[in-house]
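First the proteins, then the strands, lettered A, B, ... as listed; each starts at 1. Quantities reported herein were computed from a predicted structural model and do not represent experimental measurements.
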Amino acid sequence: QKEVEQNSGPLSVPEGAIASLNCTYSDRGSQSFFWYRQYSGKSPELIMSIYSNGDKEDGRFTAQLNKASQYVSLLIRDSQPSDSATYLCAVNQAGTALIFGKGTTLSVSS
Amino acid sequence: DTAVSQTPKYLVTQMGNDKSIKCEQNLGHDTMYWYKQDSKKFLKIMFSYNNKELIINETVPNRFSPKSPDKAHLNLHINSLELGDSAVYFCASSQDNIPDEQYFGPGTRLTVT
C-alpha cells in the first residue's frame with residue numbers, strides 16, 4: 001500500500017515567519033513530488049513540483065527532496081495571511097496515479 | 001477562459017437516485033481524472049482516462065461509471081446513490097499519460113440525503 005503521510009496540523013505561524021511543511025512517502029520507486037495548495041471550499045492548485053534531490057526555489061516557496069530518507073518538505077518564507085490554506089503533498093511513480101497525503105492546514109496570523 | 005470546468009457545482013439528491021457530473025477541459029490535455037474528496041479532506045483518485053481510454057480504475061463501486069466521449073470531456077455517472085457517496089468530486093487534467101502536473105476543476109459538492 002503506497003502511502004503519503006503528513007501532519008494534519010494546524011500549523012500556526014505569525015506573519016513574516018517561515019512555515020515548514022513536511023511529508024514522508026512509503027514507495028521508494030516514487031519519481032515525482034508535488035505540493036498543492038487548497039483554500040477552503042476551493043480546488044487544489046499546484047504550487048511546486050520537484051523531481052531530484054535537493055532544493056528548488058520559486059519565489060517565497062522552497063521545496064526540498066531527500067529520496068534516501070523518503071522525505072519532501074515545503075518552506076514558505078515571509079508567510080502571509082493569504083498563505084493560510086491546506087497544503088497537500090502528492091507523490092507518483094511513473095505510469096501510476098498521484099497519491100495524495102491528507103494535507104497540513106497552515107494558519108498565518110497577522 | 002475556464003481551463004477545467006465541472007457541472008453542476010452543487011448536487012443534492014436522495015438515496016437511490018442516479019446522477020451525472022460533467023467535466024470539460026480546454027487545455028488540450030490528453031489525460032483526465034476523477035477524484036473524490038471526503039469530509040476529512042482526503043483526496044483520492046477514482047478514474048483516469050487517456051485519449052478516451054480508461055487507464056486507472058481504482059477500487060470504486062461499480063455504481064460509478066466514467067464516460068469519455070472525447071479527450072476534452074470526462075463524465076461521471078453514479079447509480080443508486082448512497083449516503084456514503086456524499087463528498088466533493090474533482091475533475092482534473094494533465095498533459096500526458098504521466099500524472100505529472102494536474103489542473104483541477106472547481107469541484108462538485110454532492111450531498112445524498
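- For chain B, no part of A:Glu45 is nearby; none of its heavy atoms comes within less than 4.5 Å.
- Between B:Glu101 and A:Tyr36, the shortest heavy-atom distance links the atoms C-OH, 4.2 Å.
- Within 6.0 Å of CD in B:Glu53 there are 12 or fewer heavy atoms belonging to other residues, nucleotides or ligands.
- Using a 4.5 Å cut-off between heavy atoms, A:Leu88 contacts chain B through its side chain alone, with no backbone atom that close.
- The environment of CD1 in A:Ile18 is sparse: at most 12 heavy-atom neighbours from other residues, nucleotides or ligands sit within 6.0 Å.
- The choice from B:Arg109, B:Lys41, B:Gln37, B:Lys40 that makes the most heavy-atom pairs within less than 4.5 Å of chain A is B:Gln37.
- Contact count against chain B (heavy-atom pairs under 4.5 Å) is highest for A:Pro44 among A:Ser8, A:Pro44, A:Ala90.
- Applying the 6.0 Å contact sphere to NZ of B:Lys71 captures more than 12 heavy atoms from other residues, nucleotides or ligands.
- When the side chains of ILVMFWY residues are joined at heavy-atom separations under 4.5 Å, either directly or via intervening members, B:Tyr103 and B:Met32 end up in two distinct hydrophobic clusters.
- Among the candidates B:Val88, B:Leu43, B:Val4, B:Ile45, the residue making the largest number of heavy-atom pairs closer than 4.5 Å to chain A is B:Leu43.
- When all heavy atoms of B:Gln102 and A:Leu46 are compared, the closest pair comes out as O-CB, 4.4 Å.
- At a threshold of 4.5 Å between side-chain heavy atoms, the hydrophobic network of Ile, Leu, Val, Met, Phe, Trp and Tyr places B:Tyr49 and B:Val60 in one connected group.
- The disulfide (SG to SG under 2.5 Å) contacts involving residues 12-61 of chain B comprise B:Cys23-B:Cys91, where partners must be two or more places apart or lie in separate chains.
- Of the atoms belonging to A:Lys42, it is backbone heavy atoms, and not side-chain ones, that fall under 4.5 Å from chain B.
- With hydrogens and angles disregarded, a donor-acceptor distance shorter than 3.5 Å links the side chain of A:Ser43 to the backbone of B:Gly105.
- Looking at heavy atoms from C-beta onward, A:Leu98 lies out of side-chain contact with B:Tyr33 at the 4.5 angstrom threshold.
- Under a cut-off of 6.0 angstrom, the local environment of NZ in A:Lys56 is crowded, with over 12 non-hydrogen atoms contributed by other residues, nucleotides or ligands.
- Residues A:Phe100 and B:Phe42 approach most closely at O-CE1, 3.4 Å, considering heavy atoms.
- The ring-ring contact (aromatic ring centres under 6.0 Å, His included) pairs that include a residue from residues 8-31 of chain A are A:Tyr25-A:Phe33, where partners are two or more places apart or lie in different chains.
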